[in-house]
Amino acid sequence: WHIVPASPRDTADALLEAASITSPPIPINEVVTGCGVQILPWDFEDIDGLVVELDAGAVIWVNKVQARTRQRFTLAHELGPHLLRHVEEFHLDLGGNLSPNATGEHPGYNWRAERAANEFAANLLMPASMVRRASAKTTDISALASQFKVSPAAMGFRLTALRIS
């Protein structure tokens with residue numbers, strides 16, 4: 001699918017509409033490949049994920065040793081900079097074990113782009129309308145997380161952002 005970049009929420013909504021997805025869980029692997037992006041699992045030590053824009057098309061590497069829910073969020077997060085056009089050549093998400101510089105940030109860190117990628121990923125994996133519909137049936141965070149195939153922490157943040165909990 002070709003998605004015109006807009007806000008993180010609008011871009012995620014346009015992608016869900018293009019993919020005709022109306023219920024959870026979001027088939028993130030199919031969504032990523034439907035955008036023409038190749039997925040390569042890799043055994044990284046300190047990297048969650050990486051998106052590289054190549055002449056032949058974009059590639060997302062995802063840390064295959066992390067929990068499946070983390071891999072799903074990483075795929076959605078890395079798709080964000082690609083679709084939002086926040087990356088020219090590559091975007092790297094460093095794991096928590098790497099040391100930041102003296103200012104407390106990783107070199108080249110762009111918090112606005114990271115926030116947009118996180119917002120895109122949350123809107124893609126946990127669309128507001130679907131979360132509201134599901135939370136009307138249960139408020140159990142673990143049950144909702146399982147339904148959307150995300151971590152309970154991610155679902156908790158999403159419910160808070162949507163002012164549901």
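Side chains are part of it too, since the values below use all heavy atoms of this structure and drop only hydrogens, waters and symmetry mates. Each residue takes its place number in the sequence, starting with 1.
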Please report the C-alpha distance between L79 and V37 in whole Å, then the side-chain angles of each, then the deciding distance to 0.1 Å, and finally whether the side-chain contact (heavy atoms from CB on, under 4.5 Å) criterion is met. CA-CA 8 Å; L79 185 61; V37 178; 4.1 Å; yes
Under 4.5 Å between any side-chain heavy atoms of [X] and [Y], yes or no?
X: W1; Y: L15; result: yes
X: R132; Y: I164; result: yes
X: I21; Y: M130; result: yes
X: E53; Y: H82; result: yes
X: V131; Y: L144; result: no
X: R72; Y: P25; result: yes
X: M155; Y: F148; result: yes
X: H77; Y: E114; result: yes

Could you please spell out the steps behind the side-chain contact (heavy atoms from CB on, under 4.5 Å) verdict for L40 and I60? CA-CA 6 Å; L40 293 174; I60 294 175; over 6 Å; no
Heavy atoms only: give me the nearest [X]-[Y] pair and the separation to one decimal.
X: T69; Y: S151; result: CB-N, 3.7 Å
X: I141; Y: P152; result: CG2-O, 3.4 Å
X: M126; Y: R158; result: O-NE, 2.8 Å
X: A117; Y: P81; result: CB-CD, 4.0 Å
X: A121; Y: F73; result: CB-CZ, 3.6 Å
X: R85; Y: I3; result: NH2-O, 4.0 Å

So, [X] side chain and [Y] main chain: donor-acceptor pair closer than 3.5 Å or not?
X: N63; Y: G49; value: no
X: T138; Y: S135; value: no
X: T11; Y: A6; value: yes
X: T160; Y: G156; value: yes

Tell me if the CZ atom of F44 is crowded by more than 12 foreign heavy atoms within 6.0 Å. yes
side-chain contact (heavy atoms from CB on, under 4.5 Å) evaluation trace for V52 with W61: CA-CA 8 Å; V52 177; W61 279 268; 3.5 Å; yes
Using the rule that Ile, Leu, Val, Met, Phe, Trp and Tyr join whenever any side-chain heavy atoms are under 4.5 Å apart, tell me whether W42 and L54 fall into a single cluster. yes
Same cluster (ILVMFWY, side-chain, under 4.5 Å), L162 and I26: yes
Is the closest side-chain donor-acceptor distance between Q66 and D48 under 3.5 Å? yes
Checking side-chain polar atoms at under 3.5 Å, does R133 have a donor or acceptor matched by the opposite partner on S129? no
Kindly compute the distance separating NE2 (H2) from CG (L83), expressed to the nearest 0.5 Å. 9.5 Å
Could you state the interatomic distance from CG (L124) to CD (E119), rounded to the nearest 0.5 Å? 12.5 Å
